[in-house]
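Fair warning: this is a prediction, and the values are worked out from it, not measured in the lab. Order of the sequence lines fixes the chain letters, A, B, ..., with proteins taken first and strands second; residue numbering starts at 1 for each chain.
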Amino acid sequence: MSAKINAVKGMNDLLPGAVGRWQELEALAREVFALYGYREVRTPVVEPAALYSRGVGEQTDIVSKEMYVFEDKGEDRLALRPEGTAGTIRAFIEHGAFVDGPQKWFYMGPMFRRERPQKGRYRQFHQIGVEAFGIAEPALDAEQIAMVEDWLSRLGVKTTLKLNSVGDPACRPAYLADLTAWLTERAGQLCADCRERTAKNPLRVLDCKVPTCQPVLQSAPRLLDRLCDPCRVHFDAVRAGLDALGVAYLVEPRLVRGLDYYVRTAYEFTSDALGAQSAVAGGGRYDGLVETLGGPPTPGIGFALGAERLALILEALGRPIPVRRPLVFLVAADEAGAAAVLKLSSDLRKAGVACDLDARGGKLARQFKQAERVAARFALVLGSAEVAAGEGKLKDMTTRQETPVKLAGLAAHLREAAT
RNA sequence: GUGGGUAUAGCUCAAUCGGUAGAGCACUGGACUGUGGAUCCGGGGGUCAAGGGUUCGAACCCCUUUACUCACCCCA
């Protein structure tokens with residue numbers, strides 16, 4: 001054997017035994033999103049790096065420290081997408097989709113960030129997200145948040161919904177200036193990280209987990225109290241909408257979104273089943289972003305969910321992984337049987353019956369063991385005697401009962417027996 | 001980028017004071033000439049993460065490196 005090559009750090013294989021869980025959550029996403037009028041879009045994994053410096057923010061950690069950037073044969077600076085919103089909006093603008101009125105889109109696929117991996121956080125991870133364009137009204141915010149809740153609850157997942165408003169260009173800058181001044185005055189009482197953050201991202205300071213910072217920050221000015229009238233009205237309407245839809249939420253004045261483009265509504269679904277990475281899904285409004293990326297002024301709101309994190313929650317809940325298994329496993333007793341079994345499997349599959357066989361042949365014991373391994377519902381032994389008689393015994397692998405069955409019309413018989 | 005933990009068979013883990021590598025599961029063969037889960041018996045499988053040091057002797061002690069993992073930061 002030659003030297004072994006392993007997967008890249010933070011990039012994981014998803015083996016057949018685990019894929020079923022992902023297929024389930026993806027299928028349910030497609031189903032639920034369609035109920036709300038969202039349609040799937042697929043965009044490239046590679047985009048111009050400039051898309052993210054402009055869309056996500058040059059100074060964010062995602063762009064400045066974590067993005068995979070490379071030269072394309074010395075021509076362009078390209079990036080592995082670190083998130084889904086910017087690329088989706090790029091496509092929205094590029095294809096002039098805005099002329100068709102409001103659009104509701106969703107996507108799912110891999111994203112890449114070069115961070116230190118830990119539980120629920122990987123360098124290649126998968127997001128399922130939606131973007132709704134062209135509607136500024138708060139009813140859309142409520143509908144979208146309710147949709148996430150709907151999807152998660154159908155998976156049996158219980159989460160906490162946190163809601164906040166991060167203001168807009170009319171009210172946030174003034175607040176930010178006041179907050180920065182307030183924090184600077186109290187720098188002596190804050191941890192080193194917080195002093196650093198005061199300059200870089202003052203909103204983040206409010207979220208500090210250090211015990212000594214908490215009491216100081218309790219009395220910090222709150223953005224929720226400083227919202228301009230339009231933001232206030234919007235926020236109240238989102239809350240009213242959620243109340244009307246029966247969606248429970250927690251107003252979390254310190255909730256902040258990590259990316260620069262968010263305005264007004266910010267929301268997050270969290271779970272305590274995840275260790276430190278408690279955020280399962282996060283979203284918010286980005287009314288200025290389409291314009292920033294070269295499109296016409298278009299309001300928008302979206303969210304992204306971490307598929308690995310959702311899968312982790314489902315696993316913690318002990319939710320079984322749906323498995324596909326053969327309805328029947330064909331066992332060959334001799335050479336005549338081996339030929340018959342091959343032909344029969346082809347007929348069954350064309351009739352839509354999932355079946356399998358052990359192409360190695362060999363002893364019956366081994367073939368039955370293989371039948372058990374693939375979790376076949378039934379087994380059918382074929383030898384020269386059965387082929388001559390046109391009839392075999394169908395064995396129920398669970399009860400071990402055998403019943404005679406004619407080979408002609410076997411597919412129909414199996415389908416009936418399966419119900 | 002910073003800090004903690006871990007590293008022995010495919011998997012989960014043992015190995016006493018430093019004395020030259022073991023179990024369970026899994027795999028494979030047989031007991032069983034047309035029937036899988038049980039039982040019994042056998043078999044294959046190891047650079048003890050890597051490199052260096054101490055020692056008559058190292059899986060074990062020391063140093064370095066690497067990988068994995070959890071957490072900080074940040075985020076989904």
Side-chain angles (χ1 to χ4, degrees), chain A residues 1 3-4 6-10 12 56-57 59-67 82-85 108-129 148 159 191-194 196-197 200-201 204 207-210 255-259 262 267-271 274-284 302-313 329-334 336-337 358 361-376 378-386 392-402:
Chain A
M1 282 201 280
K4 197 169 63 167
N6 291 331
V8 173
K9 182 203 283 284
N12 303 314
V56 177
Q59 65 280 32
T60 59
D61 280 12
I62 291 179
V63 171
S64 65
K65 308 200 309 205
E66 300 168 359
M67 199 157 69
E83 58 95 56
T85 300
M108 45 184 75
M111 308 292 165
F112 304 85
R113 294 181 197 174
R114 199 183 180 289
E115 304 174 272
R116 286 283 284 270
Q118 68 191 69
K119 188 180 174 74
R121 195 180 71 185
Y122 309 102
R123 290 185 172 182
Q124 173 174 330
F125 63 107
H126 296 76
Q127 286 192 337
I128 300 177
V148 182
T159 50
C191 68
D193 276 346
C194 281
E196 183 107 352
R197 275 186 290 229
K200 225 181 105 189
N201 193 350
R204 276 279 163 213
D207 217 10
C208 182
K209 297 172 193 88
V210 175
L255 175 67
V256 173
R257 297 251 43 85
L259 283 46
Y262 287 106
Y267 64 97
E268 198 166 281
F269 286 83
T270 62
S271 161
L274 287 173
Q277 312 301 317
S278 63
V280 193
F303 80 87
L305 170 139
E308 282 81 1
R309 293 182 184 179
L310 181 53
L312 234 35
I313 295 173
F329 195 96
L330 303 177
V331 175
D334 52 31
D358 190 340
K363 301 177 64 166
L364 291 201
R366 182 165 79 172
Q367 297 186 51
F368 268 92
K369 197 160 188 182
Q370 185 62 16
E372 191 199 341
R373 247 197 291 253
V374 301
F378 297 103
L380 182 67
V381 178
L382 252 47
S384 45
E386 286 80 8
K393 284 191 195 124
L394 188 66
K395 179 169 187 172
D396 185 315
M397 291 295 283
T398 312
T399 66
R400 299 188 162 206
Q401 296 292 311
E402 293 190 331

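- R123(A) places a side-chain N or O within donor-acceptor distance of the main-chain N or O of E115(A), the cut-off being under 3.5 Å.
- One interatomic measurement links the two molecules: CG of L312(A) to P of U69(B), which rounds to 12 Å at whole-angstrom precision.
- Nucleotide G45(B) has no partner under the Watson-Crick or G-U criteria, as no pair reaches both atom distances under 3.5 Å.
- If you check C72(B) for Watson-Crick or wobble pairing at under 3.5 angstrom, you find it paired to G1(B).
- Across all strands, V280(A) comes closer than 4.0 Å only to sugar-phosphate atoms, never to a base (heavy-atom distances).
- Within the 4.0 angstrom heavy-atom criterion, base atoms lie near R113(A).
- The side chain of A304(A) approaches A76(B) more closely than any other nucleotide in the set C72(B), G34(B), A76(B).
- Atom CG in D61(A) sits about 7 Å away from atom C1' in C73(B), given to the nearest Å.
- At a threshold of 4.0 angstrom between heavy atoms, the contacts of T398(A) include nucleobase atoms, whether or not backbone atoms are also involved.
- The separation of A38(B) from G57(B), taken at their C1' atoms, amounts to 47 Å, rounded to a whole angstrom.
- Taking atom C1' in both A9(B) and A49(B), the straight-line distance is 14 Å, to the nearest Å.
- Side chain K395(A) to base G36(B): a donor-acceptor pair is found below 3.5 Å.
- When the C1' atom is used for both A58(B) and G53(B), the distance is 11 Å, rounded to whole Å.
- Within the structure, every side-chain polar atom (N or O) of K65(A) is placed at least 4.0 Å from both OP1 and OP2 of G1(B).
- Among the atoms of the strands shown, none is found under 4.0 Å from any heavy atom of A307(A).
- Whole-Å rounding puts the R366(A) CZ to U28(B) P distance at 8 Å.
- The side chain of K363(A) places an N or O atom within less than 4.0 Å of a non-bridging phosphate oxygen (OP1 or OP2) of G30(B).
- Looking at heavy atoms from C-beta onward, V381(A) lies in side-chain contact with F368(A) at the 4.5 angstrom threshold.
- Looking at which nucleotide of RNA chain B each of P117(A) and G306(A) is closest to, the 5′-most match is held by P117(A).
- For the C1' atoms, the distance linking U2(B) with G22(B) amounts to 40 Å, nearest Å.
- For the pair Q370(A) CD and U35(B) P, the interatomic distance rounds to 18 Å; values are reported in whole Å.
- Two residues are said to be in side-chain contact when any heavy atoms from C-beta on lie closer than 4.5 Å; E372(A) and F329(A) fail this criterion.
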>> Set out, in order, the CA-CA distance, both residues' side-chain angles and the distance that settles salt bridge (Lys or Arg N to Asp or Glu O under 4.0 Å) for K393(A) and E386(A), then state yes or no.
In response: CA-CA 9 Å; K393(A) 284 191 195 124; E386(A) 286 80 8; over 6 Å; no
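- For the OP1/OP2 pair of C73(B) and a distance below 4.0 Å, the side-chain nitrogens and oxygens of R114(A) include no atom meeting the criterion.
- Contacts of M111(A) with the nucleic acid, taken as non-hydrogen atoms under 4.0 Å apart, are absent.
- Residue contacts shown for R204(A) are limited to sugar-phosphate atoms, with no base heavy atom under 4.0 Å away.
- No hydrogens or angles were tested; on distance alone, a donor-acceptor pair under 3.5 Å links the side chain of E402(A) to the base of U35(B).
- Comparing atom distances between the R257(A) side chain and each of G34(B), U35(B), A76(B) picks out A76(B) as nearest.
- Pair assignment for U16(B): none, as no Watson-Crick or G-U wobble contacts are both less than 3.5 Å.
- Put simply, R197(A) has a side-chain N or O that comes within less than 4.0 Å of OP1 or OP2 on C74(B).
- Atom pair N6(A):CG and A67(B):P shows a separation of 11 Å (rounding to whole Å applied).
- Per the geometry, CG belonging to D334(A) stands 13 Å off P belonging to U35(B), to the nearest Å.
- With a cut-off of 3.5 Å on both Watson-Crick or G-U wobble distances, the partner of U6(B) is given as A67(B).
- Atom pair L274(A):CG and U69(B):P shows a separation of 16 Å (rounding to whole Å applied).
- A donor-acceptor pair under 3.5 Å is formed between the side chain of R113(A) and the backbone N or O of P82(A).
- The C1' atoms of C60(B) and G3(B) are separated by 27 Å, rounded to the nearest whole Å.
- For the pair Q367(A) CD and U28(B) P, the interatomic distance rounds to 14 Å; values are reported in whole Å.
- At a threshold of 4.0 angstrom between heavy atoms, the contacts of G275(A) are confined to the sugar-phosphate backbone, with no base atom among them.
- The partner of C40(B), taking Watson-Crick or G-U wobble pairs whose two distances both stay under 3.5 Å, is G30(B).
- Note on E196(A): nothing from the nucleic acid sits closer than 4.0 angstrom, heavy atoms only.
- An OP1 or OP2 oxygen of A76(B) is reached within less than 4.0 angstrom by no side-chain nitrogen or oxygen of Q277(A).
- Considering only the side chain of R373(A), C27(B) comes nearest among G36(B), C27(B), A76(B).
- Taking side-chain N and O atoms only, R121(A) has no distance below 4.0 Å to OP1 or OP2 of A71(B).
- C48(B) and A7(B) are spaced 10 Å apart, taking the C1' atom of each and rounding to whole Å.
- In this structure, G383(A) reaches neither bases nor backbone, as no heavy-atom distance under 4.0 Å exists between it and the strands shown.
- Residue R309(A) places a side-chain atom within donor-acceptor reach of the base of C75(B), judged by atom type and a 3.5 Å distance cut-off alone.
- Closest to the side chain of E115(A), from the set C74(B), U35(B), A71(B), is C74(B).
- Dashed line: the shortest gap from a side-chain N or O of Q118(A) to OP1 or OP2 of A71(B) is under 4.0 Å.
- For R116(A) against C72(B), a side-chain-to-base donor-acceptor contact under 3.5 Å is absent.
- On the C1' atoms, A14(B) is 10 Å away from G24(B), given to the nearest whole Å.
- Across C72(B), C70(B), G34(B), the shortest atom-to-atom separation from the side chain of V381(A) is found for G34(B).
- When heavy atoms are screened at a 4.0 angstrom cut-off, D193(A) is found touching the sugar-phosphate backbone but no base atom.
- Between the side chain of Q124(A) and the backbone N or O of P110(A), no donor-acceptor pair lies under 3.5 Å.
- Of all the heavy atoms in F269(A) and T159(A), the pair that sits closest is CD2-OG1, 3.4 Å.
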> Given the rule in the side chain to side chain contact (heavy atoms under 4.5 Å, CB included) test, do K200(A) and Q59(A) qualify, once you have shown the distances and angles that lead to the verdict?
Replying inline: CA-CA 9 Å; K200(A) 225 181 105 189; Q59(A) 65 280 32; over 6 Å; no
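- Within 6.0 Å of CZ on R204(A) lie more than 12 heavy atoms contributed by other residues, nucleotides or ligands.
- In terms of modelled atom types and a separation under 3.5 Å, the side chain of R121(A) and the main chain of R116(A) share a donor-acceptor contact.
- E83(A) comes within 4.0 angstrom of no nucleic acid atom, judged by non-hydrogen atoms across all strands.
- Nucleotides A76(B) and A23(B), compared at atom C1', are 43 Å apart to the nearest Å.
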